[in-house]
Every structure is written in C-alpha cells, then in structure tokens.
*Asks:* 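Below is the structure I would like to discuss, written out as structure tokens.
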Amino acid sequence: MGKLSRNVFDVLKERGFIAQTTNEEKIREILGSQKVTFYTGFDPTADSLHVGHFLQLIVMSHMQKAGHRPIVLLGGGTAMVGDPSGKTDMRKMLTHEEITHNAEQFKKQMSKLIDFSDGKAIMVNNGDWLLELKYIEFLRDIGVHFSVNRMLTAECFKSRLERGLSFIEFNYMLMQSYDYLKLFQDYNCVLELGGDDQWSNILGGVDLIRRVKGEEVYGMTFCLLTTSEGKKMGKTEKGAVWLDPEKTSPYEFYQYWRNIHDADVIKCLKLLTFLPMEEIEKLSQYKDEKINEVKEILAYEVTKIVHGEEEAQKAQQAARALFAKGGDFDHAPSTEISRSELGDGIGILDLLMLAGLIPSKGEGRRLIKQGGIYINGERVDDQNLMITSQDFTENHLLIRKGKKVYHRVILSK
RNA sequence: GGGAGAGUUCCCGAGUGGCCAAAGGGGGCAGACUGUAAAUCUGUUGCUUGUCAGCUUCGGUGGUUCGAAUCCGCCCUCUCCCA
C-alpha cells in the first residue's frame, strides 16, 4: 500500500488531471496528512462503463494507492432522473430493471481498478436512499437550501435554458447534493471527485453540507478526456469505446489507442496509465515515425489495465502480425464458418456480411467498387467473386477492409 | 390555461402536391499521399439488385388526391410569447 507521505495531490496535478478544486491548499493538506474518504458517482445509464468513466477510475485508483478510501456511488436513484450537465438534449428515461442490470455490469468492471477487499473501498447505491424519499420532507429539509436564482446562473444549465430543461432534470443537482450530505454523515466522506462537467453539482453538495452541518468539505474535478481538437475521446463511428470485452473486444480496444492522434499520446499516457512520469518524459521526446512506438506502449498499457496482461499481449501480437511482420495471427478478430456452410463456395458479399464487416450488401458493393476489400492480400474487383475452400490456407483466410480492418475467417469441420 | 411556431435521412439543415431516396454542410466509409498519424485532394454515403427497376423512409395516425415530406383531421413531443 502507498504511504500518506507521498502526496497524491501532487501526483494528480503533475499528470494533468485536475481541472477545478474548491480549496486547493486545504485539499492538498488533508490528502497528505490523513486517510481521506472520498466519493465519485457513476450513473448506470448504459450497460457498460466507457473511457470517460475509466479516467475517473484511474483517479480513484491513484487515490486508493495513496492510502485513501474510495466510495463508488452507483447512481441507481439519480439515473432515474438524468443529469442535464453538459448535455444538450433531454435524457431518455430508463426503467428500473435497466438501471439495476447496468449497475451490476459496472461493479464487475470497476473491481479491476479498485480493491474492494477488507473495506478498502466501498460501493453504495443512492437508490437505497433516494427512492424512498418523502417529497415534502425532502423539499423542506434540502430544497430550502437551494436558490433557484443561483442555480439558473450555473454554467451547466446555460445551454439547457436555451434548448429546454424539464423540472425533473432541474432537480438532479439537489439529489446529487443530498448524496454527498448522506455520505458525509454515514461515512465521513469529505471529498467528492468527478469530471469537470460535474463542477456545479459538486459545489451544490459542498454548499449544502456547509449549510446543514456547518462543516467544510471539498470537491475536485478532473479534465474531461478530449482530443487535441476538442472532441470527446472514446468515440468511434460505432459508438463509445466500452470497457466490456463483449461490446468492444480487447483487440479493438487496443487499436483505438494505437491509432490515437500524435498530439494526444503523451496526455493519454499521463492520464490513463500508471507509467512513472520520468518514463513518460522520455517517451515525449520521440518524434515522427518513432512516435508509433509510444502509441504501442500506450495501447498496451491501457489494454493491460482494462483487460489484463494476457489479453493485452494477444491484442498486441495480433496487431503486429497484421500490420507488420512477426507476431502471430491467432488473436486477430475472426469468424468461423463450417464446411457445410461454405458448400461449393460463398459469394464475397455474403462472406463480408457473415464476418460483420459490412452492414449491407450495398455497402459491400461500394467498397469493392472503390477497391477497399482484399482477400489474402489480393484486391477484390469483382463483387460476384465466389470464395471456395481453395481460398483457405490451413483453414484460414484473411480479409482486409480498407487500411486497418483485418478479419480472419476460419474454416471448421 | 390562451396564442404563435417547429418535428426531414447518423447530426445540422434545405425542400411547401409529381422532376424527391430528398440540396448543402458536418460526420462516416473508401482511394491517393503517409508513420496503422495529422493535414490535403478524390470518390461515396436508405435497402434489394449486374443494368433496367423495385421496395421502405421525412414525429404518430387517419384522410383528400391518379399521385403527399409537401394539403386536411386527430394525437404525441419540443420551442417561443401571454397568464
């Protein structure tokens, strides 16, 4: 375990995590002098965590290693409402069942980064207290402390005031603030962490506790993961990059980081890996073509944290095999096809569909017309091409789509 | 509660009875150039189909019409003004 002597605040700052703090000096002081219980909330609005959550988990991990106690707050209650912060559109409402299922998935993924054994970290669900709230009581006890005028001036509501904000979402801040109060009372939690879009909500909680309890607690936000172009990171054409291997395979996950823009590599190393700063410094000297080596390190490290060392190695070998020489193909994405399915042969378009490389045959025709499909390294120029067992070498066949998408087809008995 | 508007393909946004699978931009995909980068240029971007063509789409639903994204009724959602 880490020692309190090493101040995790400095580490976070050095690595570029911190966006805003309620009281920088004080936070630094307590993090260096005592065991602090802190919390971060996660609303289970999808059935897997994604890269944005991952950054928060890394922070929690840094904190835990430094000897502090994390509380993971699952937003089983707040997810019923929907956080308007940073969103331009109204949230879709989730059912109770969906939320419970999602929360289960979250738990599994989080335990990879946070040690929940022996009470070293706690997981709670705000549904446990929010769902049973009495409306009038809540208004009288909590609602009185909030000024609508002030809330309306909060940055996080600005865009929503133009586009529309329903009353239910407007209440989100009160609920999150109440969570903090509750955790302060029950666990002596004195620090709330979150993405920078949570700043207003965190302030709400800090203010509430001061008013109700007369005590000072703290809040700190972290920069959102964005690309050098200011776009949210962790999005692909297919949607978010998920931590669930069923939704984003370790190979795809690895490739996402392997293909990151030059300008973002060092930032990602600092934020998403635990590599020591000295080493990152060294890597930041790499320029031009050499920067590819840094990208490999980034992809490997991040994949290792999320999917484990073994999967990271497989992903790396697969990528190397496909893009360079060496490594083995065994771990590249693949589809199996049986001899009976293959029969006397299968049309190239059907094969592409089977492998999930195209969403429709029209798309496949277009790709072939434009020269974007290769079978075993040969460009395909006939959309009626039949693939037969002759095309398989040792029951394997390699399809390439565009420059980077590789897929193996394995012929089984 | 009263009044005025709006809902278009992944997103923004044009389209006000046939020439609309629907302009333009963004994004995506592919090609060229590269370093599995960026920028740039080119092509492409509903489904089925070798071509012709056919099919499904413009908030929902029911009409009018030879023919509707476009007109009419009802419903849903959102925005604005008044209370």
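By convention in this document, chain letters (A, B, ...) are assigned in the order of the sequence lines, proteins followed by strands, and residues within each chain are numbered from 1.
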*Asks:* Please give, in whole Å, the distance from B/U36 C1' to A/L298 CG?
*Replies:* 14 Å
*Asks:* Between A/F170 and A/F167, what is the ring plane arrangement, given parallel below 30°, perpendicular above 60°, and tilted in between?
*Replies:* tilted
*Asks:* Name all residues meeting the ring pair (Phe, Tyr, Trp, His ring centres under 6.0 Å) criterion together with A/F138; count only those two or more places apart in sequence or in a different chain, and write none if there are none.
*Replies:* A/Y178
*Asks:* Heavy atoms only, 4.0 Å cut-off, all strands: where does A/K369 land among base, sugar-phosphate and nothing?
*Replies:* nothing
*Asks:* Mind calculating the distance between CD1 (A/I168) and C1' (B/C78) to the nearest angstrom?
*Replies:* 17 Å
*Asks:* When the C1' atoms of B/C58 and B/G50 are considered, how many whole Å apart are they?
*Replies:* 31 Å
*Asks:* Applying the Watson-Crick and G-U wobble criteria at under 3.5 Å, what pairs with B/G17? Answer none if nothing qualifies.
*Replies:* none
*Asks:* If only side-chain N and O atoms of A/K404 are considered, is one of them under 4.0 Å from the OP1 or OP2 phosphate oxygen of B/A37?
*Replies:* yes
*Asks:* How far, in whole Å, is B/G1 from B/C10 if one measures between their C1' atoms?
*Replies:* 39 Å
*Asks:* Once you apply the 3.5 Å cut-off to both distances, tell me the Watson-Crick or G-U wobble partner of B/C33, or none.
*Replies:* none
*Asks:* Hey, what do you get for CD (A/Q316) to OH (A/Y300), rounding to the nearest 0.5 Å?
*Replies:* 6.5 Å
*Asks:* List the atom of A/M277, the atom of A/K270, and the distance in Å for their closest heavy-atom pair.
*Replies:* CE-CE, 3.8 Å
*Asks:* For the P atoms, the ones on B/U57 and on B/G3, what distance do you get once it is rounded to whole angstrom?
*Replies:* 34 Å
*Asks:* From the options A/T45, A/D83, A/D43, select the one residue that forms a side chain to side chain donor-acceptor pair (under 3.5 Å) with A/T78.
*Replies:* A/D43
*Asks:* Ring centroid separation for A/Y39 and A/Y180, is it under 6.0 angstrom?
*Replies:* yes
*Asks:* For the side chain of A/E289, starting at C-beta, report the closest nucleotide among B/A38, B/G35, B/U36.
*Replies:* B/G35
*Asks:* Whom does B/U79 pair with, Watson-Crick or G-U wobble, provided both distances fall under 3.5 Å?
*Replies:* B/A4
*Asks:* Expressed in whole Å, how much space separates the C1' atoms belonging to B/A23 and B/C80?
*Replies:* 28 Å
*Asks:* Are the side chain of A/D196 and the backbone of A/F222 linked by a donor-acceptor contact shorter than 3.5 Å?
*Replies:* no
*Asks:* Measuring centre to centre across the rings, with the benzene-like ring taken for any Trp, is A/H68 within less than 6.0 Å of A/F38?
*Replies:* no
*Asks:* Among B/U36, B/A38, B/G31, which nucleotide sits nearest the side chain of A/Q255?
*Replies:* B/U36
*Asks:* Roughly how many Å is it from CD1 in A/I368 to C1' in B/G31, rounded to a whole number?
*Replies:* 15 Å
*Asks:* Check every strand shown and say whether A/I373 touches a base, only sugar-phosphate, or nothing at a heavy-atom separation below 4.0 Å.
*Replies:* nothing
*Asks:* Contact class for A/R400 vs. all strands (heavy atom < 4.0 Å): base, sugar-phosphate, or nothing?
*Replies:* nothing
*Asks:* Hey, which of these two, A/P359 or A/G372, hits RNA chain B nearer its 5' end, going by closest nucleotide?
*Replies:* A/G372
*Asks:* Taking A/H407 as the fixed residue, which of A/L351, A/L357, A/L322 is the one that meets the side chain to side chain contact (heavy atoms under 4.5 Å, CB included) rule?
*Replies:* A/L357
*Asks:* What integer number of Å spans the C1' atoms of B/A39 and B/U51?
*Replies:* 40 Å
*Asks:* Would you mind telling me which of A/N376, A/I410, A/L342, A/L398 makes a side chain to side chain contact (heavy atoms under 4.5 Å, CB included) with A/F392?
*Replies:* A/L342
*Asks:* Scan residues 343-367 of chain A for pairs that pass salt bridge (charged side-chain N to carboxylate O under 4.0 Å, His left out), counting only residues two or more places apart or in two chains.
*Replies:* A/D350-A/K361, A/E363-A/R366
*Asks:* Whole angstroms only, please: what is the CZ-P distance between A/R320 and B/G35?
*Replies:* 19 Å
*Asks:* With a 6.0 Å cut-off on ring centres, are A/F17 and A/H62 close enough?
*Replies:* yes
*Asks:* Dump every N/O contact between nucleotides 49-52 of chain B and the protein below 3.5 Å, one line per pair.
*Replies:*
unit_1	atom_1	unit_2	atom_2	d
B/U49	OP2	A/R365	NH1	3.3
B/U49	OP2	A/R365	NH2	3.1
B/G50	OP2	A/R365	NH2	3.4

*Asks:* Please report the distance, rounded to the nearest Å, between CD1 in A/I297 and P in B/G35.
*Replies:* 20 Å
*Asks:* Taking only residues two or more places apart in sequence, or in another chain, which ones meet A/D330 in a salt bridge (Lys or Arg N to Asp or Glu O under 4.0 Å)?
*Replies:* none
*Asks:* Could you measure between the two C1' atoms, the one in B/A21 and the one in B/U9, and give it in whole Å?
*Replies:* 8 Å
*Asks:* Could you check A/N292 against A/M353 and say which one's nearest nucleotide on RNA chain B is further toward the 5' end?
*Replies:* A/N292
*Asks:* Indicate for each nucleotide in nucleotides 40-46 of chain B, in 5' to 3' sequence, whether protein heavy atoms under 4.0 Å reach the base (B), only the sugar-phosphate (S), or nothing (-).
*Replies:* ---BSS-
*Asks:* Using whole Å, report how far CG of A/D264 lies from P of B/A38.
*Replies:* 11 Å
*Asks:* Paired with B/U64: which nucleotide, if any, by Watson-Crick or G-U wobble criteria at under 3.5 Å for both distances?
*Replies:* none
*Asks:* Check the distance between B/U34's P and A/F323's CZ and give it to me in whole angstrom.
*Replies:* 18 Å
*Asks:* Which nucleotide, if any, forms a Watson-Crick or G-U wobble pair with B/C47, using both distances under 3.5 Å?
*Replies:* B/G54
*Asks:* Enumerate the protein-to-nucleotides 5-9 of chain B contacts in which both atoms are nitrogen or oxygen and the separation is below 3.5 Å.
*Replies:*
none

*Asks:* Between the side chain of A/S334 and the main-chain N/O of A/V409, is any donor-acceptor distance below 3.5 Å?
*Replies:* no
*Asks:* Please pick, from B/A30, B/G35, B/A37, the nucleotide with the shortest atom-to-atom distance to any side-chain atom of A/L367.
*Replies:* B/A30
*Asks:* Just how far, in rounded Å, is P of B/U36 from NE2 of A/H261?
*Replies:* 16 Å
